[in-house]
Amino acid sequence: MFKVLKKQGNARRGEFHTVHGVIQTPVFMNVGTVAAIKGALDTFDLENIGCQVQLSNTYHLHLRPGDDVVRDMGGLHKFMNWKHPILTDSGGFQVFSLSKLRNIKEEGVYFSSHIDGHKIFMGPEQSMQIQSNLASTIAMAFDECVENPAPHNYAKDSADMTVRWLKRCKIEMDRLNGLDGTINKKQMLFGINQGSTYDDLRIEHMKEIAELDLDGYAIGGLAVGETTDEMYRIIEAVEPFAPIDKPRYLMGVGTPLNILEAVDRGVDFFDCVMPSRNARHGTIFTSNGIVNILNAKYERDDTPLDPNCKCHTCQNFSRAYLRHLFKAKEMLGMRLAVIHNLYFYNNLMAEIREALDSDTFDEYKRKKVAVLGQRV
RNA sequence: GUGGGUAUAGCUCAGUUGGUUAGAGCGCUAGUUUGUGGCACUAGAGGUCGAGGGUUCGAUUCCCUCUAUCCACC
């Protein structure tokens, strides 16, 4: 159940109630594709960072260790010792991003494993069954993610099929939630809006899936080749047609700036690999802008990554030490950088929520936008 | 001491049968990263080719001397 506590313009401050606890929104979900946050973080680290929701991946966990293994171990929560909500991505995007040889049909997608190349079939029913075995809090619908730019007719056919797939997902999820052996019988389902960069397709698609009374609505197929302005325009076009009493989730986005702009346009949920991937490559987000910790100028810099940050890394270690760890390719460097970047993202969301609570979001956003893209 | 080898980018080495602006890998410098194939990708800087002399229209390349260094032998 989703409750909007406050609104400022289109920006929403809300609460999403789940069997695994309440999610305060707007929220950033930390990406742990294979039931692990890359950079050697465990779930205790995530608690300290202030992470509310973790995202894991249907496709990856199906391949390894196998969703049947996770089910037999009591589901993802027990398996990785995480008590809070987990959202599982459906595998639709991975088919699009990982597999070059894929054959998309009405029944589902035929493609080959990125690990050993063996043939795999996944359709809406398979995706729901796997996610039910994983027993996540929220399951995502199985969709086709179209790369931008795409021809209008291809985008329309794809969006139409994604609606048909979504209906099959809902039927299968309802069936699975009713089975005796199901671990999480209250597993929720989010639908995914598609339609490439075409306002008419996006709006028509959103209207159709809004009728299905799902637990939440995602906007997918963005940040996959279109410009940032197009992305904002699509969000604006679709927002009026998304149910107001359900959370909106912008999939795979984005930079801190993207998140501020999307919150301002009515989005509640986010996830992105950017804080963790960039951290592993030495790009650090700070309250003063972006730091590339590999830069020579930090060789003898005794200050923390971000002087205003309260994370474990900034409280205890210097830029000079972090740079050394990265140069030496020590795992610890990645770990400390990931801890910081994830803290930064989660803290950004906490500040956004506070600003919305105190009706100062506009002012907060204006201040942040001026600084976030800069290099330190 | 004798004989032989080597000397080219910060490092390890290619190369030129003598011919425009001398290459690679690593390192270095900077940039990129958006529902994550675990450490990726893109670009850039950097060399009077050990020193001196000779042959030649022209030498990093051929010859001589020196220096450094490695190996073997005494």
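Naming convention: chains lettered A, B, ... in sequence-line order (proteins, then strands); numbering from 1 in each chain.
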Using a heavy-atom cut-off of 4.0 Å across all strands, would you classify [X] as base, sugar-phosphate, or nothing?
| X | answer |
| --- | --- |
| Asp143(A) | base |
| Leu250(A) | nothing |
| Asp271(A) | sugar-phosphate |
| Arg323(A) | sugar-phosphate |

Hey, does Phe28(A) have a side-chain heavy atom less than 4.5 Å from the side chain of Pro275(A)?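 They are in contact (side-chain heavy atoms under 4.5 Å apart), so the answer is yes.
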Rounded to whole angstrom, note down the [atom1] distance from [N] over to [M].
| N | M | atom1 | value |
| --- | --- | --- | --- |
| G3(B) | U20(B) | C1' | 42 Å |
| G50(B) | A72(B) | C1' | 24 Å |
| A24(B) | C63(B) | P | 29 Å |

Using the closest heavy atom to pick a nucleotide of RNA chain B for each, name whichever of Asn295(A) or Gly254(A) lands nearer the 5' end.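 It is Asn295(A) whose nearest nucleotide is closer to the 5' end.
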Return the nearest nucleotide to the side chain of [X]; candidates are [options].
| X | options | value |
| --- | --- | --- |
| Ala296(A) | G31(B), A30(B), U34(B) | A30(B) |
| Asn292(A) | U34(B), G35(B), G31(B) | G31(B) |
| Asn258(A) | U34(B), A30(B), U33(B) | U34(B) |

Output the rounded distance in Å from CD1 (Ile235(A)) to P (U34(B)).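 Whole-Å distance recorded here is 16 Å.
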Using whole Å, what does the distance between atom P of nucleotide U33(B) and atom OH of Tyr345(A) come to?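 Whole-Å distance recorded here is 11 Å.
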Using distance alone, with no hydrogens and no angle criterion, decide if [X] and [Y] have a side-chain donor and acceptor under 3.5 Å apart.
| X | Y | answer |
| --- | --- | --- |
| Ser287(A) | Asp306(A) | yes |
| Gln8(A) | Arg13(A) | no |
| Gln52(A) | Gln24(A) | no |

Please work out the stems of RNA chain B from pairs that are Watson-Crick or G-U wobble with both distances under 3.5 Å, keeping only runs of three or more consecutive pairs.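 Detected stem regions: B:1-7 with B:67-73, B:10-13 with B:23-26, B:28-32 with B:40-44, B:50-54 with B:62-66.
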State whether the side chain of Thr360(A) and the backbone N or O of Glu363(A) hold a donor-acceptor pair below 3.5 Å, judged by distance alone.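 Not confirmed, Thr360(A) side chain does not pair with Glu363(A) backbone.
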Look at the side chain of Arg71(A) and the backbone N and O of Ile183(A), then say whether any donor-acceptor pair between them is shorter than 3.5 Å.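 Absent.
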Set out, line by line, the N/O atom pairs under 3.5 Å between protein and nucleotides 38-44 of chain B.
unit_1: G38(B); atom_1: OP1; unit_2: Lys38(A); atom_2: NZ; d: 3.2
unit_1: G38(B); atom_1: N7; unit_2: Lys38(A); atom_2: NZ; d: 3.4
unit_1: G38(B); atom_1: O6; unit_2: Gly39(A); atom_2: N; d: 3.2

Donor-acceptor pairs under 3.5 angstrom involving side-chain atoms of residues 344-351 of chain A: please list them, not counting sequence neighbours.
unit_1: Tyr345(A); atom_1: OH; unit_2: Gly254(A); atom_2: O; d: 2.7
unit_1: Asn346(A); atom_1: ND2; unit_2: Asn30(A); atom_2: OD1; d: 3.4
unit_1: Asn346(A); atom_1: ND2; unit_2: Leu342(A); atom_2: O; d: 2.8
unit_1: Glu351(A); atom_1: OE1; unit_2: Tyr364(A); atom_2: OH; d: 2.5

Strictly below 4.0 Å, N to O, side chains only: are Asp213(A) and Lys170(A) in salt-bridge contact?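 Salt bridge absent between Asp213(A) and Lys170(A).
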Ion pair Lys6(A)/Asp357(A), N-O distance below 4.0 Å: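 Not counted as a salt bridge, because no side-chain N and carboxylate O are separated by less than 4.0 Å.
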May I ask you to establish whether Arg265(A) and Tyr232(A) are in a cation-pi arrangement, using a distance under 6.0 Å from NZ or CZ to the six-membered ring centre and at most 45° from the ring axis?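 That pair qualifies as a cation-pi contact.
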Should the side chain of Thr283(A) and the base of U33(B) be counted as holding a donor-acceptor pair, with the cut-off at 3.5 Å?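 Present.
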Looking at G35(B), does its base get a donor-acceptor pair with the side chain of Gln194(A) below 3.5 Å?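 Yes.
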